[in-house]
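Quick notes on the structure that follows.
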Amino acid sequence: MGKRTIIPFGPQHPVLPEPIHLDLVLEDEVVVDVIPSIGYIHRGLEKLVEKKEYTEMVYVIERICGICSFGHGWGASASIEGAMGIEVPERAEYLRTIWHELSRIHSHLLWLGLLADGFGFESLFMHCWRIREHVLDLFEKTTGGRVIFSVCKVGGVRKDIDAATLKEISDTLNALKPEIKKLTDVFLEDASVKNRTVGVGVLTKEDAIELGAVGPVARGSGVYQDIRLTGNGAYHELGFEPMIEEAGDCYARTKVRIRELFQSIELITKAVELIPEGPIDVPVKGNVDGEFVLRLEQPRGEAYYYAKGAGTKFLERMRVRTPTNQNIPSLVKMLKGCDLADVPILVLTIDPCISCTER
Amino acid sequence: MSYVTKSPWVIHYDGSSCNGCDIEVLACLTPMYDVERFGIINTGNPKHADIFLVTGSVNEQNKAVVKQIYDQMPEPKVVVAIGICANNGGIFRECYNIMGGVDTVIPVDVYVPGCAARPEAIIDGVVKGLGVLAEKRAAMDNKSAAPAAAEPKAEENTETEGKEEA
């Protein structure tokens, strides 16, 4: 047995856009133990329910994370709507689904870029982010914002998308498909990339279930789990099958996300065809009285929202549990026994969103 | 930007932002905005950096980290606070774990508001920072004959910290 060394990783680290701190216990070059510590971005925004009205809370919850911000806005509005017993018009549900899938595309492209950056493939990183800008342009055109949209509100959505723009969204995405394919083929077929991902950081199906992994991490380990299957939003009409890979290594997790990219484009194309005419919101009167639990499939996995009101304009409790929070135990499990050089890749393959984790 | 004779290297740290400004900082480097064509590089090493881009506000836990990165950067250095959270706390101002803007811990030279700050605004902030950097460099050159260049800043620092504790 070699001598043990502790290497601090983070909070400020070149591969991490966000701060998380890991104490890596090494024997020679092999990681034998990991002690994660968080708390660098904790804001305590759930406590703001005491100061912000429930309609304003949607914007606070949306700012949990700038990458999956639309999903958080949707989760907050939908959980409050549930507690108030509001039925959202069909067209609003479709619009929410379209925006949500667009954020999945932008999030996965962003993640692919960061992964490429993580193993030092700088030009691949640049190309991923170049394509992502097209998706952001669609966001800007339809919502007015690039990363924070504030387009979801209690009772529906704030902005409608006209037929021509809807057509443009699906046309742009379908035109991007060959370009995305060219990029993702590098991740899936390039020998030097595969050397970094195949067989690295294996998480078995049993471990994934036991440690409560969610999202692409769970699906990459063969767990049949996707909250979109419960049919919230317009998913029940779009027909949908989760992307499952069995291997459980970094390559499998990458492949799940790449397949989801193309699936999201198909879902949007289908939603654009099926979207019904009608109003985009319903008037909201009165205060929240009651409680509601909602689950939503974010780009990173299952997010859980809980809203409770007691008849005043302020909610009593708003609770959010985010996917990265769930995936950190799996990360610790994966890191044990890996090489020091693989640590950045492994941290990246759970697609960590520390802002979500700590809120 | 033809007047820029030296390309600054930037370092980015996420205080307690929502990620929105962080990914916009990264977006500045990528092909759509592409500040790398001017030689502006995002470095992970504080000792190589000229401009410190901070997103998000500070809290008890990351206060020391922000301060440490700032202290490790060589003089002259410029701090750009990006996004309304880094300016004064923004939407999270009333949260219990937010101390306020970055200027409660380190001196800030350029403020870039916005939620999230757009890449154009961030680039503009960095360009403004270049002017400040040139001024500071000139001041350092002048004072190399008469020393005590960094002292007033250090005083300012302790003052703000003192206020926080009081």
Side-chain angles (χ1 to χ4, degrees), chain A residues 10-19 21 37-48 50-52 56 59-60 62-69 72 106-107 110 113-114 117 122-123 125-134 136-137 140 145-148 150 353-356 358-359, chain B residues 11-34 36 41-46 48-49 52 55-66 68-69 72 83-85 89-99 114-120:
Chain A
Q12 194 266 327
H13 190 279
V15 304
L16 294 173
E18 299 173 86
H21 180 79
S37 60
I38 57 172
Y40 294 95
I41 351 188
H42 178 62
R43 286 154 284 178
L45 52 79
E46 286 171 8
K47 185 88 172 157
L48 278 183
E50 291 168 8
K51 289 168 183 157
K52 306 260 185 203
E56 294 170 334
Y59 309 122
V60 176
E62 187 172 21
R63 281 163 177 78
I64 285 178
C65 169
I67 305 175
C68 29
S69 57
H72 284 305
H106 119 76
S107 173
L110 176 142
L114 290 180
D117 193 37
E122 196 72 13
S123 52
F125 160 64
M126 292 294 180
H127 280 295
C128 290
W129 281 58
R130 176 177 58 80
I131 294 179
R132 177 178 161 266
E133 288 289 340
H134 295 287
L136 292 189
D137 285 347
E140 201 174 349
R146 277 166 55 89
V147 288
I148 301 277
S150 301
C353 176
I354 314 299
S355 302
C356 282
E358 304 187 4
R359 300 181 297 286
Chain B
I11 183 166
H12 162 238
Y13 182 74
D14 171 2
S16 55
S17 92
C18 70
N19 257 344
C21 297
D22 304 309
I23 55 176
E24 295 292 58
V25 167
L26 284 181
C28 292
L29 305 165
T30 52
M32 175 84 180
Y33 296 96
D34 201 11
E36 285 200 350
I41 292 174
N42 185 18
T43 167
N45 188 345
H48 294 167
F52 186 16
T55 52
S57 38
V58 286
N59 57 35
E60 284 298 329
Q61 177 102 339
N62 70 27
K63 187 172 78 173
V65 184
V66 172
Q68 208 177 20
I69 296 174
Q72 283 183 23
I84 195 68
C85 297
I91 193 168
F92 303 122
R93 195 187 169 89
E94 290 168 306
C95 287
Y96 58 82
N97 201 31
I98 295 291
M99 285 166 65
C115 182
R118 292 183 61 88
E120 290 93 336

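So you know, we letter chains A, B, ... as the sequences are listed, proteins then strands, and number each from 1.
Between A:Y40 and B:N59, the shortest heavy-atom contact is O-ND2, 3.3 Å. The two residues B:C95 and A:G44 come nearest to each other via the heavy atoms SG-O, 3.9 Å.
Contact check for A:I41 versus B:N62: no side-chain heavy atoms found under the 4.5 Å cut-off. At least one side-chain heavy atom of B:C115 sits less than 4.5 Å from a side-chain heavy atom of A:R63. B:R118 places a side-chain heavy atom less than 4.5 Å from the side chain of A:E140.
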Test log, rule side-chain contact (heavy atoms from CB on, under 4.5 Å), inputs A:R132 and B:I23: CA-CA 11 Å; A:R132 177 178 161 266; B:I23 55 176; 3.6 Å; yes

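Residue contact with chain B, scored on non-hydrogen atoms closer than 4.5 Å, is absent for A:I354. A:H21 does not touch chain B: none of its heavy atoms, backbone or side chain, sits under 4.5 Å away. If you measure heavy-atom distances from B:E60 to chain A, you find no contacts under 4.5 Å at all. Contact annotation for B:Y13: only side-chain heavy atoms (C-beta onward) come within less than 4.5 Å of a heavy atom of chain A.
Going from atom CE of B:M32 over to atom NE2 of A:H134 covers 8.5 Å, rounded to the nearest 0.5 Å. The structure places CD1 of B:I98 at 9.0 Å from CG of A:L45, a figure rounded to the nearest 0.5 Å. Atom OG of A:S69 and atom CG of B:N19 lie 10.0 Å apart (nearest 0.5 Å).
Put simply, of A:L48, A:L136, A:I148, the one with the most heavy-atom pairs under 4.5 Å next to chain B is A:L48. Between chain A and the residues B:L26, B:T55, B:N45, the most heavy-atom pairs under 4.5 angstrom are made by B:L26. Counting heavy-atom pairs under 4.5 Å between each of A:K47, A:E50, A:R43, A:E62 and chain B puts A:R43 at the top. Most heavy-atom pairs under 4.5 Å with chain B: of the set A:G113, A:S150, A:S355, this distinction falls to A:S355. Of the listed residues (B:C18, B:S17, B:S16), the one with the most heavy-atom contacts under 4.5 Å to chain A is B:C18. Listed options B:P31, B:G44, B:A116, B:G15 were ranked by heavy-atom pairs under 4.5 angstrom with chain A; first place goes to B:P31.
With sequence neighbours left out, the salt bridge (Lys or Arg N to Asp or Glu O under 4.0 Å) criterion links B:E24 to A:R146.
Open room surrounds CZ on B:R93; 12 or fewer heavy atoms of other groups in view lie less than 6.0 Å from it.
Looking only at distances, a side-chain donor or acceptor of A:K51 sits under 3.5 Å from a matching main-chain atom of B:E94.
Pairs of residues two or more places apart, or lying in two chains, never qualify as salt bridge (Lys or Arg N to Asp or Glu O under 4.0 Å) while including a residue from residues 12-23 of chain B.
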